[in-house]
Amino acid sequence: MELQSRAPDGPIETAWDRHRQAIRLVNPANKRKYHVIVVGTGLAGASAAATLAQLGYNVSSFCFQDSPRRAHSIAAQGGINAAKNYQNDGDSVYRLFYDTVKGGDFRAREQNVYRLSQVSVDIIDHCTALGVPFAREYGGLLANRSFGGALVSRTFYARGQTGQQLLLGAYATMAEQIAVGKVKMHPRTELLDVVVIDGKAKGIVTRDLTTGRIERWAADAVVLATGGYGNVFYLSTNAKGCNVTATWRAYKRGAGFANPCFTQIHPTCIPVMGDHQSKLTLMSESLRNDGRVWVPKQPGDMRPARDIPDAERDYYLERIYPTFGNLVPRDVASRAAKRMIDSGHTVVKGGQGVFLDFRDAIKRLGRDVVADRYGNLFDMYAQITGESPYEHPMKIYPASHYTMGGLWVDYNLQTTVPGLYAIGEANFSDHGANRLGASALMQGLADGYFVLPYTIGDFLAGEKPGFSDTTHAAFADAENEVKAKVDRLLSVKGKQSADTFHRRLGKIVWDECGMARNAEGLGRALEQIPALRDEFWSDVSVPGTGADLNQSLERAGRVADFLEFAEVLCKDALTREESCGGHFREEHQTVEGEARRDDDAFSHGAVWMYRGQAQQPERVREELSFRYVKPSQRSYK
Amino acid sequence: MKVNLRIWRQKGPESAGSFQDFPNVEVVPEMSFLEMLDEVNRALEAKGQEAVTFDSDCREGICGSCGAVVNGDPHGPGKANTLCQLHLRSFQDGDTITIEPWRAKAFPVVRDLMVDRSAFDRIIQAGGYITARTGSAPDANSVPIGKERADEAMEAATCIGCGACVAACPNASAMLFTSAKVSHLGLLPQGQPQRFDRVQKMVDQMDAEGFGGCTNHSECEAACPKEIGVKFIARLNADLIKANLGNLRK
Amino acid sequence: MTAFFSLAKSTIGKKAIMAGSGLIMVGWIVLHMAGNLLVFAGQDHFNAYAEMIQSGFHIEPALLWAMRITLLACVGLHIWAAVGLSGRNRAARPVAYAGGRKNHATSYAAEFMLGAGVVLLLYLVFHLLHLTVGVFSDDVVQHAAFSKKDAYRNLVVGVGNPVVGAFYVLANLALGMHLHHGIKSAFQTLGLNDDRWNPLKDALTRWVPVFTTGAALLVALSCMFGVGVLIEAPDLSWTPSH
């Protein structure tokens with residue numbers, strides 16, 4: 001199978017302009033004849049739905065939350081990158097492009113990343129016009145902060161709630177379009193299948209989560225903006241509801257799933273406190289500007305931190321990486337913490353964690369300055385742990401945070417199924433093997449506001465508008481499959497909750513396919529996951545009925561998909577015999593324990609194609625070429 | 001430690017509800033409140049009994065999904081927290097904890113602790129936006145906004161739409177929510193062209209949804225997880241009066 | 001007028017009308033209470049004050065009626081808005097919290113607003129009948145017949161009745177509470193909650209109730225206990241001494 005990226009050749013600076021010139025457009029008067037389904041209402045989905053509606057398309061929007069405003073983009077804290085160069089510090093579209101390709105460890109498509117950098121500036125303009133209250137200087141102009149992986153200050157922010165503010169902006173525009181009837185909103189509705197007719201996506205099958213009704217929706221194109229799959233680890237910084245179901249069902253209908261093993265582990269999260277834990281909370285990366293990471297030199301030393309003298313502390317990041325110190329990139333910091341824990345240096349009794357200590361910062365800057373910089377984060381930490389970071393060092397540990405992998409898309413953001421698009425975290429496109437801080441918001445909004453609304457026209461212009469035949473056999477088949485699965489979940493009547501299985505799956509995936517992976521462990525996981533899946537289908541307990549609001553059923557359906565997806569995730573990790581970005585194979589490291597890429601063998605996107613229940617999925621490649629940013633080994637020593 | 005739970009169970013909007021008792025639930029102080037409910041549900045599901053329905057998503061206090069009245073307090077005891085940020089260390093061994101949904105005509109109970117807050121969405125749809133076509137915006141720095149004004153707009157914009165203000169209000173009024181939205185946009189220069197039209201439409205929708213009126217108890221401010229102040233309600237009032245008496249609507 | 005009606009449609013508009021009418025009444029009450037303190041200046045001064053009001057401030061008798069109609073309209077609008085809003089407020093929570101709802105920020109005054117309003121309405125009616133119209137020309141309530149001409153004696157003797165006096169005391173305590181929350185609310189409702197207005201709001205919220213209730217209690221208790229006021233024998237033939 002040949003993957004057509006459709007990325008324009010020629011000078012990268014003009015690629016997007018030339019592409020827009022080359023693709024087909026839909027006549028403005030005809031746009032209202034087309035109906036587009038957008039699933040998910042995060043930054044990508046909300047901005048796409050709003051913009052498509054502004055252009056004149058009829059949009060149906062779906063989300064599983066009770067309101068589109070609650071999608072998990074809302075939890076993004078730090079900021080959004082844009083190559084505005086307002087700081088006059090040498091930023092440019094090219095530099096943002098360069099940083100992103102390099103930060104992604106040379107596993108992204110150059111043309112996509114360049115386009116992302118180009119439209120980044122438009123995002124800031126548009127969001128400001130929508131009333132997003134970005135932080136400002138006293139003179140009234142926009143403020144910026146610095147973020148990891150960049151030598152310029154290009155991150156726009158709204159306190160620690162940038163994602164919330166950007167999402168509310170997109171949501172408000174969508175609300176306006178809902179009011180005028182251009183967007184039909186379906187909250188508390190979950191996609192359970194994608195309908196493909198004659199090789200093209202023509203609709204979806206959903207379950208109304210309030211009434212349990214299974215419904216068919218026809219459209220001329222389907223856009224998935226359903227986020228990442230970080231909850232495959234069970235414990236992650238994702239929201240409880242984040243799931244792989246939409247992209248997984250699309251995969252099973254023919255959409256290729258690219259690079260699932262590229263998962264990002266964020267180094268500074270609050271550690272697991274006990275078996276009851278339902279999620280992990282991120283502590284902003286900015287804390288590493290003033291906090292010092294350390295563990296006791298003596299393994300098993302459980303004295304209170306303040307009783308451990310400096311001579312008996314190991315400030316391991318400063319020791320191993322003298323140049324970058326505590327500010328090494330996320331993947332490097334995460335793996336270093338893991339190495340410390342593996343060698344017995346945990347600071348959490350019966351658990352895993354390292355110290356992030358502000359003692360010296362408080363001594364140097366004073367408590368007030370520290371409180372001014374990090375007060376709200378310290379309060380949040382104290383609220384969760386009951387310990388004040390002013391008195392005790394924070395305990396932190398890495399946690400699953402973001403997934404770079406996702407549905408494979410071409411330059412138009414179209415999946416391998418014509419008419420089926422994937423945007424935002426749901427696609428695999430722009431971050432390669434590792435995402436830089438403050439780039440997720442940028443990508444979601446770039447896709448939704450500025451890319452998809454143009455590129456979808458290229459497909460629609462070739463389609464007869466107004467497809468509405470939900471009586472087509474493909475709809476009936478999809479609906480029957482969905483109903484059968486619901487019935488099957490309800491009929492097992494076993495002894496364990498779906499959550500219990502999710503937790504067990506998460507442990508397998510985290511242990512064997514988490515921060516560090518090796519062939520042996522992945523092999524183990526590939527044996528354990530199918531066994532767990534079998535156990536799930538023979539012992540899961542889903543009380544209640546399908547014809548009603550039933551959160552147990554919702555959870556079970558999502559876990560069932562994670563149990564299938566996890567296998568492809570591990571397969572991808574096993575077959576990518578190199579270390580790059582968030583994917584670290586212990587067999588492929590330098591003598592110092594750093595990641596070693598293999599550009600000769602793995603400079604490609606690995607795209608998994610479903611070949612039926614009984615068959616192994618096929619691994620196809622999209623070869624990557626780097627004409628502008630030449631691959632080099634990352635070093636932070 | 002052990003706690004006794006009294007949880008509101010209700011099949012649907014039209015059904016009668018009642019408390020179900022869960023005596024001697026084993027918990028640990030580090031647990032979050034919702035994790036305790038997870039454990040209750042895990043046990044119920046393992047026995048084949050229907051789980052307690054409640055909304056929750058991000059579990060870090062920003063999505064606004066969760067919320068229940070715990071011992072008479074929306075989001076439970078403590079200031080500036082959502083239900084997901086409440087931990088069992090706020091309770092004592094042997095405590096009885098009463099948990100019930102937001103109560104308001106405009107927030108009908110969907111099931112158990114879950115309520116329908118779509119009224120908030122309709123208030124936004126009525127006018128809680130700035131009309132701007134994608135791609136038509138001028139450079140972001142072309143309109144300077146003083147830091148203090150931008151910060152105040154941000155203060156209002158932090159609203160997470162959880163509905164605790166309505167739950168806490170003796171009149172089940174949505175004035176704090178509506179005023180936060182109106183103020184966020186009304187404070188910014190970009191929001192001026194639609195300012196007075198917006199306030200009228202949003203207030204009309206708020207009234208149409210069946211929320212009560214404000215009688216200035218400030219219970220909303222005390223319950224708000226983002227500590228949004230009633231000063232924004234004053235701003236909303238002023239804008240509405242100006243819109244009418246000054247005939248400033250479109 | 002269109003603006004008024006469009007405003008009156010919304011809950012906030014009704015509250016603005018409530019606030020406006022309330023503030024006009026607050027102004028009247030303050031003046032009225034100040035006038036009442038003249039009771040301590042003696043019969044002549046007090047009656048002269050009463051006559052001044054009765055005569056339309058010695059300018060035009062119609063002014064008295066203008067004032068009365070304005071105040072009556074304020075009372076009417078205030079009650080109309082209150083009834084509409086409080087009915088709506090109750091309807092907004094048809095199912096009460098089975099486990100109760102805790103208060104953290106409100107005040108007794110705010111919670112007792114409607115109750116105090118009802119007390120004040122009853123009080124107003126009684127007060128007008130008692131000391132303006134003078135329908136209680138019997139010894140049970142008035143001790144002796146009411147005299148149109150001697151407001152001083154009507155007050156001192158009428159309120160001197162312990163039961164009546166006690167009602168005045170209670171009603172004026174309710175008035176103080178009502179004003180305390182009412183003034184604060186009026187500022188908030190009219191959108192006057194910022195650094196410019198808050199000092200005035202805080203001062204009025206505190207001192208207006210203290211003054212009005214203080215003055216009323218002083219007068220009522222003085223009448224009841226005969227301190228500082230002269231209770232003379234009924235003299236139906238009283239005429240000003242000057």
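All chains are named by letter (A, B, ...) in the order of the sequence lines, taking the proteins before the strands, and each is independently numbered beginning at 1.
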Enquirer: Under the side chain to side chain contact (heavy atoms under 4.5 Å, CB included) criterion, do Glu219(B) and Arg101(C) qualify, and how do the steps go?
Expert: CA-CA 11 Å; Glu219(B) 289 299 331; Arg101(C) 187 188 58 78; 4.1 Å; yes
Enquirer: Please identify, among Pro170(B), Gly210(B), Pro74(B), Gly213(B), the residue contributing the most non-hydrogen atom pairs under 4.5 Å to chain C.
Expert: Pro170(B)
Enquirer: With side chain to side chain contact (heavy atoms under 4.5 Å, CB included) as the criterion, how do Thr11(C) and Met206(B) come out once you've worked through the C-alpha distance, each side chain's angles and the decisive distance to 0.1 Å?
Expert: CA-CA 9 Å; Thr11(C) 50; Met206(B) 175 186 85; 4.0 Å; yes
Enquirer: Looking at Asn193(C) and Lys231(B), what are the two nearest heavy atoms and their distance?
Expert: ND2-CA, 3.5 Å
Enquirer: Would you give the length of the straight line joining atom CG of Asp73(B) to atom OH of Tyr97(C), rounded to the nearest 0.5 angstrom?
Expert: 10.5 Å
Enquirer: Most heavy-atom pairs under 4.5 angstrom with chain C, which of Ala106(B), Cys214(B), Ser218(B)?
Expert: Cys214(B)
Enquirer: A quick test of your reading: do over 12 heavy atoms of other residues, nucleotides or ligands sit less than 6.0 Å from CZ of Phe40(C)?
Expert: yes
Enquirer: Measure the CG-CD1 distance between Leu7(C) and Ile241(B) for me, rounded to the nearest 0.5 Å.
Expert: 6.0 Å
Enquirer: Counting only heavy atoms not in Trp65(C) (residues, nucleotides, ligands), do more than 12 fall under 6.0 Å from its CH2?
Expert: no
Enquirer: Does CD belonging to Gln192(B) count more than 12 external heavy atoms closer than 6.0 Å?
Expert: yes
Enquirer: List the steps and the verdict of side chain to side chain contact (heavy atoms under 4.5 Å, CB included) for Lys105(B) and Val95(C).
Expert: CA-CA 8 Å; Lys105(B) 182 180 157 201; Val95(C) 182; over 6 Å; no
Enquirer: Of all the heavy-atom pairs spanning Gly191(C) and Ala238(B), show the shortest one and how long it is.
Expert: CA-CB, 3.8 Å
Enquirer: If you tally heavy-atom pairs under 4.5 Å against chain C, which of Met175(B), Arg6(B), His217(B) wins?
Expert: His217(B)
Enquirer: Using a 6.0 Å cut-off, check whether atom CG of Asp195(C) has over 12 heavy atoms from anything other than its own residue.
Expert: no
Enquirer: Other residues, nucleotides and ligands only: do more than 12 of their heavy atoms fall within 6.0 Å of CH2 on Trp80(C)?
Expert: yes
Enquirer: Please round to the nearest 0.5 Å and tell me the distance separating atom SG of Cys169(B) and atom CG of Asn89(C).
Expert: 7.0 Å
Enquirer: Would you say CZ of Arg68(C) has more than 12 non-hydrogen atoms from neighbouring residues, nucleotides or ligands within 6.0 angstrom?
Expert: yes
Enquirer: Looking only at heavy atoms, which two atoms of Ala92(C) and Gly212(B) are closest? And how far apart?
Expert: CB-N, 3.2 Å
Enquirer: Measure across Trp8(B) and Ala98(C) and return the closest heavy-atom pair with its distance rounded to 0.1 Å.
Expert: CZ3-CB, 4.0 Å
Enquirer: Let me confirm one number: the CZ-CG distance from Phe4(C) to Leu245(B), rounded to the nearest 0.5 Å.
Expert: 9.5 Å
Enquirer: Check each atom of Phe19(B) against the heavy atoms of chain C and say whether the ones under 4.5 Å are side chain, backbone, both or neither.
Expert: side chain
Enquirer: Between Val230(B) and chain C, with a heavy-atom cut-off of 4.5 Å, which part of the residue counts as in contact: side chain, backbone, both or neither?
Expert: both
Enquirer: Measuring from atom CG of Asn216(B) to atom CD of Gln188(C), what distance do you get when rounded to the nearest 0.5 angstrom?
Expert: 5.0 Å
Enquirer: For Asn171(B) and Arg93(C), what are the C-alpha separation, side-chain angles and deciding distance, and is it a side chain to side chain contact (heavy atoms under 4.5 Å, CB included)?
Expert: CA-CA 7 Å; Asn171(B) 310 328; Arg93(C) 179 162 293 134; over 6 Å; no
Enquirer: Give a yes-or-no answer on whether the side chains of Ser10(C) and Asp207(B) include a donor-acceptor pair shorter than 3.5 Å.
Expert: no
Enquirer: Measuring heavy-atom distances to chain C, does Ala168(B) have an atom under 4.5 Å in its side chain, in its backbone, in both, or in neither?
Expert: backbone
Enquirer: If you take all heavy atoms of Leu240(B) and Gly13(C), which pair is closest and at what distance?
Expert: CD2-N, 4.1 Å
Enquirer: Need one label for Ala109(C): side chain, backbone, both or neither, based on atoms under 4.5 Å from any heavy atom in chain B.
Expert: neither
Enquirer: Where on Asp239(B) is there a heavy atom nearer than 4.5 Å to chain C: the side chain, the backbone, both, or neither?
Expert: neither
Enquirer: Looking at Ile12(C), Leu192(C), Leu85(C), which has the largest count of heavy-atom pairs under 4.5 Å with chain B?
Expert: Ile12(C)
Enquirer: Considering only heavy atoms, which portion of Thr98(B) lies under 4.5 Å from any heavy atom of chain C: side chain, backbone, both, or neither?
Expert: side chain
Enquirer: Give the minimum heavy-atom separation between Ala222(B) and His104(C), together with the two atoms involved.
Expert: CB-CB, 4.0 Å
Enquirer: Is there a donor-acceptor contact under 3.5 Å linking the side chains of Thr189(C) and Asn237(B)?
Expert: no
